[in-house]
Every structure is written in C-alpha cells, then in structure tokens.
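In what follows, chains carry the letters A, B, and so on, assigned in the order in which the sequence lines appear, proteins first and then strands, with residues in each chain numbered from 1.
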Amino acid sequence: VTATNSTSPACEDERTTILYMGANKYDQDWTEAMEENMDSQIIRRPDFAGGGITDEEREQKVAHSELWIQRAFRTEPADPQLLEEAIKGIYRAANLAEPRVILAPSPFVMAMAGGIAGMWWYLSENNLLNEQKRQSVSPAATRAATYAAAKAATAAATAAAAATDAATRAATYAATHAATDFETRTEIFTPYADFETNAAASAATRGATYAATRDAIRNATYAATDAATYAATHAAIYAATGVVTKAATPSWLALAASFVGKRWAKAGLQSAIRWDNAYQGGNMRVSDDCFLTAARDILGLKLAPHAVYDYWEQAKINGGFRWMHPKFCLVSDFPEILRVNARRQPHAEFGPSHRWRDGWSIWHINGVKVEQWMAESHPDDMDGRRVLQIENVDQRRECIRRMGMGRIISQLEPTVLDTERREVGGEYRLLAVDMNHGEPWRFLQMVNQSTGAAHIEAVPRECETVRHALNWRASQNINEEWFPTILS
Amino acid sequence: MAGKKLQQPIEGQYQQGDVILQRVRAIPDGAERVNGATLAEGEGHHIHRFAVASDVELYVKDGVRFAHVKKDTTIEHVTPDGQPGEHKPITLPAGAYQFGQVMEYDYLAEMARRIVD
C-alpha cells in the first residue's frame with residue numbers, strides 16, 4: 001500500500017513528508033505530524049490527501065454524514081441478494097470459503113439461531129452429533145463445547161474484518177472482549193494486519209486533513225446514530241440471549257434439542273450468549289465507515305484495499321447485525337420501526353422504540369431502556385405507587401417525567417413534611433406517601449441539577465426534614481451534614 | 001413546614017449525580033492502591049470517572065474508597081465510548097478524598113440500598 005510506505009513519493013511540500021510514516025509509527029509521531037502540517041497547502045492525490053479540507057469538501061461531508069445516518073436508520077426490508085453478494089465477497093477477501101448467507105428477521109433470532117447452528121457444526125465436525133448415550137453432558141463439557149463452537153465463529157469474524165475493515169477496530173474489539181478469546185483472536189488477526197483498509201486510509205489522510213475529516217464526520221455520525229442503533233440493539237440482544245440461556249426453559253431446550261439433540265441442547269443455548277464473540281454491527285455501526293468512505297468519495301483517495309472494502313461497505317449498507325461463522329453468516333434484517341427523540345436517542349411513547357418484522361421489540365424513553373408498560377401505558381393509567389417502586393432510578397425518572405409531577409401528586413396525595421431551597425441543589429421536598437403497605441413511606445423529591453428532571457427517592461422514616469434526608473442519603477446518618485459546594 | 005433559611009455549602013463536599021466526594025486530611029495508613037480512575041459505573045453503563053487517569057490514585061481500606069488527586073482535575077460522566085452522560089463535569093481541587101455513592105431506602109427489604117441507574 002503506497003500510502004503506508006515510510007519513504008514518500010515526490011512531494012510538493014516537504015512539511016508533509018512526515019505524513020508518509022508507517023502505520024506502526026502512528027502513535028509516536030501523530031502530535032508532531034499535526035503540528036507540522038498545520039500550514040500545509042491542500043494536496044489531493046489518489047494515494048494521499050493533506051493540508052486540511054476545502055470549503056466545498058466541508059459542505060460535502062455534511063451530506064455524506066447524513067447519507068450514512070440514513071443508512072443506519074433503515075427500516076425497509078433488506079435485499080437478500082445484495083446482502084449475499086456482499087457477505088460472500090467479504091469471505092473471499094479473507095480467504096474463507098463462501099458461507100451460506102441467511103437473512104434473520106431480527107437480531108435476537110440471529111443470536112439464537114447462530115448459537116445453535118454454531119454448536120451443530122461443532123458437533124458435526126467432531127463426530128459428536130449422534131452421540132446420545134446420556135441425557136446431558138457435564139457443565140465442563142458444555143463450557144468446552146460452547147467455547148470451541150464460538151472460537152470457530154470468532155475466527156471467521158475476525159478474519160473477515162481484518163481482511164476488509166480496520167485493524168484498529170478489530171484490535172479494539174479483541175481488547176474489549178478479552179474475557180472470551182483474546183489470545184486466539186489476536187493470533188488469527190495478526191497475519192492480516194497489513195492487508196486492510198483503515199490503516200491505509202488513515203495514513204494517507206493523516207495530519208490536518210485527517211483531523212478535520214475524521215473528527216467531524218466520524219463523531220457527527222456516531223453521535224447521531226450509535227445510541228439509537230448499535231448501543232440499543234447490542235444491549236437488547238445481550239439481555240435477551242442472557243435471559244434465554246440462563247433460564248433454559250423447556251421450550252427453548254426443546255427447540256435446541258430438535259437441532260443438536262437433548263444431550264447438547266443446553267450447550268446449544270449457551271452458545272447463543274456468545275453471539276458477541278462473532279458479530280459485526282452492520283448498518284448499526286457506521287461512523288468509521290462514514291469516515292473511510294468520505295476519504296474515498298470526497299477527498300478522492302483511490303487505495304488498493306478499497307477493492308475489498310467495497311464488500312464490507314455493501315454489507316454495512318444492506319444488512320444489520322451479523323453472526324459470522326466459517327459455514328454460515330446470519331444477518332439481521334433492518335427493524336421495521338426505529339424511533340428517536342430530537343437528540344436522536346432511542347425513544348417512543350405508546351409503542352416500542354424498535355420493532356423487527358418478527359415482532360421482537362425493545363422500548364426506550366429518552367435513551368433509557370425501559371419495560372413495555374413504562375413506555376406504552378397512558379400516563380393517566382400509570383400507578384404512581386408502582387412507579388415509585390421501580391428500582392432503576394433512570395427508569396423511575398422517565399416514568400415520573402411521563403406522568404408529570406402534577407399527576408403523581410394528585411394520585412398519591414402525599415403529605416409534604418418539609419421543604420428546603422438550597423443555593424446548590426435547588427428545591428427539595430420531603431414527602432410521606434401512603435403506599436398501601438403499612439405506615440406511609442417517605443420520599444425526597446429533588447431536581448437533577450444538570451437536566452432539570454424531577455427525581456423522587458425513598459428515605460427511611462427517621463428522616464423528619466429535608467436536611468435529615470440529604471444527610472442520610474450521603475452517610476446513612478441523619479446528623480452528619482451533607483451540603484456539597486458543587487452538585488451536577 | 002415553611003421553607004427553611006438558605007444554608008451555606010460545606011467546603012470539601014462535592015457531588016456528581018449519585019457519586020459523592022468528601023475531602024479528608026490524608027489517605028489512611030494501610031490503604032491499598034487500586035487500578036483505574038472510575039468512581040462508579042451504573043447498570044446503564046454510564047461511568048463517573050476522572051477525565052485524566054494520571055491525575056489520580058485510587059485506594060481502598062475496609063471497603064471505603066479514597067482518591068489522591070494530584071492536581072486540580074475533572075470528573076466526567078460518560079458512556080463507555082466517551083460520549084457525555086446526563087451529569088455535567090465537575091472540577092475537583094487537588095487533595096485527598098473519600099468517595100462513595102448516595103443510597104436510598106428499600107422499604108420492602110427494610111434496608112439501605114445503592115442507587116441503581
């Protein structure tokens with residue numbers, strides 16, 4: 001890759017020579033390169049872009065970012081043919097055999113089917129599929145099997161990413177998911193380190209151009225999409241597969257057994273929770289791709305790795321989360337509903353924030369994952385006492401916000417025991433509320449000093465004043481004064 | 001039941017969301033050094049942390065946590081990816097601090113419990 005050679009081609013401006021450093025010198029020379037390049041003239045070549053960006057490019061990048069944001073929020077059905085071509089291209093680029101590509105109706109189905117299918121392939125390849133002498137296997141054997149099954153998928157996913165996407169992304173992925181199989185993935189990844197797109201694109205655009213383009217485009221796209229797409233979906237899959245695999249209900253075990261037999265049914269389910277060893281985010285994680293394609297489409301870079309990157313890009317555009325396995329690739333369809341608030345946080349009232357075509361849904365209010373009743377109940381029908389017993393304070397706050405303090409007060413008819421206004425912290429009220437559960441409970445009503453949202457938190461009955469309540473919250477001692485100089 | 005006269009804040013006390021910090025004279029003898037710069041992490045995975053890890057050293061003794069803040073520094077509330085959370089950053093002067101989290105009362109369990117967010 002020309003752009004990553006340490007010896008530069010002829011260069012119009014000597015100060016930009018330093019930008020032609022090898023990828024492995026990136027960290028140590030980055031600051032120096034930024035400073036050196038501040039005054040460089042605009043340079044555009046197929047193998048290099050330097051000197052900052054022009055006004056015209058600045059306008060283009062806004063539209064480019066919006067294009068990727070729209071791709072992240074796609075809700076029409078995915079096109080299986082486009083997806084299959086892209087996925088097979090990724091596998092070919094990674095020197096892997098073309099897999100069977102299956103469009104799953106939701107990320108949840110992707111994870112469950114991927115887990116069970118991965119176990120089936122592991123058992124099949126190790127001649128264990130028909131071994132049904134006992135009803136079940138030991139926990140240790142289950143763990144070993146799920147680990148081995150996940151390892152194969154992890155290898156495929158890592159190789160595919162390394163061959164077509166970023167070394168930095170894959171390394172970060174491995175490092176942040178180290179609990180599973182860090183060493184193996186690192187070894188697998190290493191041979192592909194020189195053959196990928198991101199390092200080349202980064203090296204070629206390093207300096208002021210890199211900073212202006214990458215920061216603006218990547219961060220803007222990330223901020224606009226990640227919470228509502230990747231973060232929300234990732235958390236939901238994780239929670240849903242965790243519930244299924246830990247509970248291992250008879251119906252789920254029966255489903256798994258229908259594929260891998262009774263003996264390995266539990267291992268099949270437990271493989272599902274390893275979905276995040278082998279997944280890629282598809283159209284729900286696009287900020288880095290927005291930058292990579294901006295470098296290509298706006299700055300005009302034409303780099304050798306772009307040929308295989310195209311497959312990666314098309315897979316991003318045409319599908320959601322995917323489970324990569326040597327034998328198959330399960331790709332989630334786009335959701336049919338994806339609702340956000342003005343801050344592009346996942347948000348919907350009276351319905352799910354996300355719903356896929358098989359009905360799998362998740363609910364959010366202002367970015368907080370909530371239960372269905374919290375989002376869909378009409379505020380007039382919400383039970384204030386139930387709301388005050390919600391354990392998660394973020395969910396409780398959003399339900400209080402939905403109901404409104406007026407509705408809460410009118411429904412619960414609290415007795416106001418004390419009020420206090422503080423220079424730092426604002427207005428506080430100590431409330432006594434009949435919760436239909438013995439003596440009235442006491443709550444401290446306050447305002448979040450950063451957001452203005454109302455909070456209500458329970459305090460013990462020994463608290464007779466706001467001061468007592470604030471002291472107790474900090475030290476569980478009503479007489480130990482707590483009055484911070486700064487509160488945010 | 002009338003509102004009380006405005007009080008003055010107490011020097012050395014700081015709070016960001018459910019994280020509280022109280023200045024102390026020194027880190028107690030025998031406190032064990034712990035890695036990291038995170039003060040608290042919620043179930044929603046928002047993190048209260050020192051923005052510059054090298055500005056602080058964290059310690060624990062008998063379950064009580066302490067921070068030696070080497071120079072004025074910032075506490076931020078962020079997502080795991082570093083995006084801003086709901087609580088604004090606060091600046092903490094150099095010094096030794098004891099820190100923890102506010103509690104609320106669980107009437108059903110009849111005991112204090114840590115705030116879940």
Side-chain angles (χ1 to χ4, degrees), chain A residues 176 219 222-223 226-227 230-231 235 366-369 389-397 416-425 427 435 437-439 441-444 448-451 453 457-463 465-467 470 472-476 481-488, chain B residues 1-23 42-46 48 64 74-77 79-93 97-117:
Chain A
T176 54
N219 294 351
Y222 179 94
D226 196 79
Y230 173 78
N366 293 315
V368 177
K369 188 171 186 294
Q389 291 185 58
I390 296 171
E391 187 172 352
N392 184 297
V393 292
D394 289 336
Q395 295 178 340
R396 189 190 314 162
R397 179 195 66 227
V416 181
L417 301 176
D418 188 29
T419 64
E420 183 175 331
R421 179 170 185 77
R422 291 190 166 189
E423 178 186 340
V424 177
E427 185 81 23
M435 298 290 284
H437 205 283
E439 291 293 309
W441 297 10
R442 295 190 179 187
F443 295 91
L444 184 65
N448 181 316
Q449 295 301 294
S450 294
T451 66
E457 294 177 11
V459 294
R461 293 191 184 96
E462 66 179 303
C463 297
T465 63
V466 165
R467 180 188 291 195
L470 288 167
W472 184 89
R473 288 176 78 237
S475 64
Q476 292 73 67
E481 296 291 344
W482 182 257
F483 193 167
T485 53
I486 297 176
L487 170 58
S488 75
Chain B
M1 208 273 302
K4 292 196 170 45
K5 185 180 176 183
L6 195 67
Q7 298 181 44
Q8 289 301 311
I10 300 170
E11 286 298 324
Q13 293 186 344
Y14 302 88
Q15 183 167 352
Q16 184 190 57
D18 59 344
V19 170
I20 54 177
L21 300 103
Q22 166 84 55
R23 192 158 186 168
E43 283 191 351
H45 303 300
H46 281 74
H48 300 268
V64 181
T74 301
I75 295 175
E76 58 185 11
H77 186 230
T79 67
D81 292 325
Q83 300 299 306
E86 70 174 39
H87 297 289
K88 292 174 182 170
I90 65 172
T91 300
L92 205 63
Y97 294 86
Q98 177 183 325
F99 68 92
Q101 290 175 265
V102 297
M103 307 283 272
E104 75 169 338
Y105 192 71
D106 185 333
Y107 275 92
L108 299 177
E110 297 186 334
M111 60 186 293
R113 74 175 177 209
R114 184 170 291 175
I115 297 287
V116 179
D117 61 7

Once rounded to the nearest 0.5 Å, what's the spacing between atom CD of B:Gln13 and atom CZ of A:Phe483? 9.5 Å
Taking every non-hydrogen atom, the tightest pair across A:Trp482 and B:Leu21: CH2-O, 3.4 Å
Exercise: identify the closest heavy-atom pair between B:Thr91 and A:Ile486: O-CD1, 3.7 Å
Does a sphere of radius 6.0 Å around CZ in B:Arg113 hold more than 12 heavy atoms from other residues, nucleotides or ligands, not counting ones at 6.0 Å or beyond? yes
Inter-residue atom distance B:Ile115.CD1 - A:Glu457.CD, 0.5 Å rounding: 3.5 Å
Just by distance, do the side chain of A:Ser488 and the backbone of B:Pro89 share a donor-acceptor pair under 3.5 Å? no
Between A:Gln395, A:Gln449, A:Arg397, which has the largest tally of heavy atom pairs under 4.5 Å with chain B? A:Arg397
Testing the basics here: between A:Pro484 and B:Pro9, what is the closest heavy-atom pair and its distance to 0.1 Å? O-CB, 3.5 Å
Please check if the side chain of B:Gln15 supplies one atom and the backbone of A:Leu487 the other of a donor-acceptor pair under 3.5 Å. no
B:His87 and A:Asn448: CA distance, side-chain angles, deciding distance, side-chain contact (heavy atoms from CB on, under 4.5 Å) verdict: CA-CA 8 Å; B:His87 297 289; A:Asn448 181 316; 3.3 Å; yes
If one checks every heavy atom of A:Arg461 against chain B at 4.5 Å, the contacting part turns out to be both
For the residue pair A:Gln389 and B:Tyr107, establish whether any side-chain heavy-atom pair is separated by less than 4.5 Å. no
Does any heavy atom of chain B fall under 4.5 Å from the side chain of A:Arg396, the backbone, both, or neither of them? side chain
Mind ranking B:Glu86, B:Gln16, B:Gln22 by heavy-atom pairs under 4.5 Å with chain A and telling me who comes out on top? B:Glu86
Looking at A:Val459 and B:Tyr105, what are the two nearest heavy atoms and their distance? C-CB, 3.7 Å
Heavy atoms only: give me the nearest A:Thr485-B:Tyr14 pair and the separation to one decimal. OG1-CE2, 3.5 Å
Shortest non-hydrogen pair, B:Ala112 vs A:Gln476, comes out as CB-CG, 4.3 Å
With a 4.5 Å heavy-atom cut-off, do A:Asp394 and B:His46 have their side chains touching? no
